[in-house]
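Step one of this worksheet: look at the structure below.
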Amino acid sequence: MNDQEQQQPTPRRGKVLEALARAERKIFTRPAPKSAKARMKFLRTRKKGSAKALAELLGTSRRTVERYLAGKLTTPQKCLQATLRRRRNLSGNRRSGHRPREQASTSSGMMVEVTAYFGFTCTGNSDDGRIRTITTPISPTYARRILDLQEAGATEEDLHPIVAEAITESYFTEWGTRADGLRADFTHVSAIEFLF
């Protein structure tokens, strides 16, 4: 084993996807309701105020939904708890997260802070690969590509090259003003955060 292999930490998977999920959770305007009554009220607003439609969605009777809304039932039955949890996650405050994602994809881009092992290929000389902590903006073009890939169910391996290109463009080549032909790749991500 050579010196370079000994210096590299062990690889970690899923860091980019986890960071994107954390960034989305941070932009929600308010937390999900906690009590059964508040959950039912929240879900009823999603069904345009219809207790009957909500009962069908949850697989229970309209009267049971009305009891929760009146506060007569405070702890959901086990099967209803699971359904409430699943439905809350599916219909959570997605609307409030839609606008920042759209804005990141069209005008503002997003910020990324990453600590990882960066290696380089280029025409000419460059620093050898090493662990770096980099904080840099990502252009809206790359933000759109990253978010589209995430929505399409991309894997960590699919996202790494796009994030590396985005970091190369903004940090290493300073939007094409220096280090022409430089290509950076990062592996062994120890920490990554995105900010919309």
Side-chain angles (χ1 to χ4, degrees), residues 4-32 85-124 126-196:
Q4 188 177 13
E5 289 173 345
Q6 289 177 349
Q7 292 175 355
Q8 295 179 4
T10 55
R12 301 187 115 180
R13 298 283 180 219
K15 294 287 186 174
V16 174
L17 290 169
E18 289 172 13
L20 286 168
R22 275 193 311 273
E24 286 183 333
R25 282 193 302 268
K26 286 179 185 178
I27 60 174
F28 291 150
T29 55
R30 54 183 193 178
R85 226 182 347 264
R86 188 175 61 250
R87 291 296 173 185
R88 186 189 68 211
N89 290 340
L90 290 176
S91 67
N93 295 340
R94 296 273 185 233
R95 190 178 309 168
S96 63
H98 178 72
R99 187 168 179 216
R101 283 177 64 96
E102 184 68 30
Q103 188 176 357
S105 297
T106 56
S107 60
S108 66
M110 59 185 173
M111 292 290 291
V112 62
E113 180 176 334
V114 62
T115 301
Y117 181 86
F118 283 87
F120 306 94
T121 56
C122 68
T123 54
S126 178
D127 291 339
D128 289 333
R130 65 176 184 260
I131 294 177
R132 296 173 184 247
T133 299
I134 294 173
T135 303
T136 189
I138 292 179
S139 71
T141 305
Y142 281 108
R144 182 181 310 111
R145 287 176 63 192
I146 292 166
L147 294 172
D148 287 349
L149 280 172
Q150 180 200 20
E151 275 187 25
T155 64
E156 190 78 8
E157 289 76 22
D158 297 333
L159 288 168
H160 268 248
I162 305 302
V163 175
E165 277 181 45
I167 292 170
T168 300
E169 180 187 295
S170 66
Y171 184 82
F172 294 109
T173 65
E174 294 178 1
W175 311 105
T177 60
R178 68 180 191 94
D180 190 34
L182 178 74
R183 188 180 147 275
D185 192 20
F186 71 98
T187 57
H188 304 85
V189 177
S190 59
I192 186 167
E193 290 295 324
F194 289 97
L195 180 64
F196 290 105

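By the ring-ring contact (aromatic ring centres under 6.0 Å, His included) test, Phe172 is found to be paired with Phe118, Phe120, residues two or more places apart in sequence or in another chain being considered. Considering only residues two or more places apart in sequence or on other chains, Asp148 meets the side-chain hydrogen bond (donor to acceptor under 3.5 Å, both in side chains) condition with none of them. For Ser170, the side-chain hydrogen bond (donor to acceptor under 3.5 Å, both in side chains) partners are Thr136, not counting sequence neighbours. Among residues two or more places apart in sequence or in another chain, the side-chain hydrogen bond (donor to acceptor under 3.5 Å, both in side chains) test is passed with Thr168 by none. Leu195 is linked by a side chain to side chain contact (heavy atoms under 4.5 Å, CB included) to Met111, counting only residues two or more places apart in sequence or in another chain. Scanning for side-chain hydrogen bond (donor to acceptor under 3.5 Å, both in side chains) contacts around Ser108 gives an empty result, with sequence neighbours left out. Shown here are the ring-ring contact (aromatic ring centres under 6.0 Å, His included) partners of Phe194, two or more places apart in sequence or in another chain: there are none.
Once rounded to the nearest 0.5 Å, the distance linking CG of Leu17 with CG of Asp158 reads 9.0 Å. Distance check: Ile167 CD1 to Thr135 OG1 gives 9.5 Å after rounding to the nearest 0.5 Å. For the atom pair His160 NE2 and Lys15 NZ, the distance stands at 10.5 Å (nearest 0.5 Å).
Minimum interatomic distance between Ala19 and Ile192 (heavy atoms only, all atoms of both residues): CB-O, 3.3 Å. Heavy-atom minimum distance, Val189 versus Ala116: CA-CB, 3.8 Å.
Sequence neighbours left out, not one pair with a member in residues 107-120 passes salt bridge (Lys or Arg N to Asp or Glu O under 4.0 Å). Within the structure, salt bridge (Lys or Arg N to Asp or Glu O under 4.0 Å) pairs that include any residue of residues 163-173 comprise Arg145-Glu165 (at least two apart or interchain).
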Go through Val163 and Val114 one step at a time and tell me if the side chain to side chain contact (heavy atoms under 4.5 Å, CB included) criterion holds. CA-CA 10 Å; Val163 175; Val114 62; over 6 Å; no
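The backbone N or O of Thr115 lies less than 3.5 Å from a partner atom in the side chain of Ser190, making a donor-acceptor pair.
Inter-residue side-chain proximity for Met110 and Ile146 is flagged as met; some heavy-atom pair is nearer than 4.5 Å.
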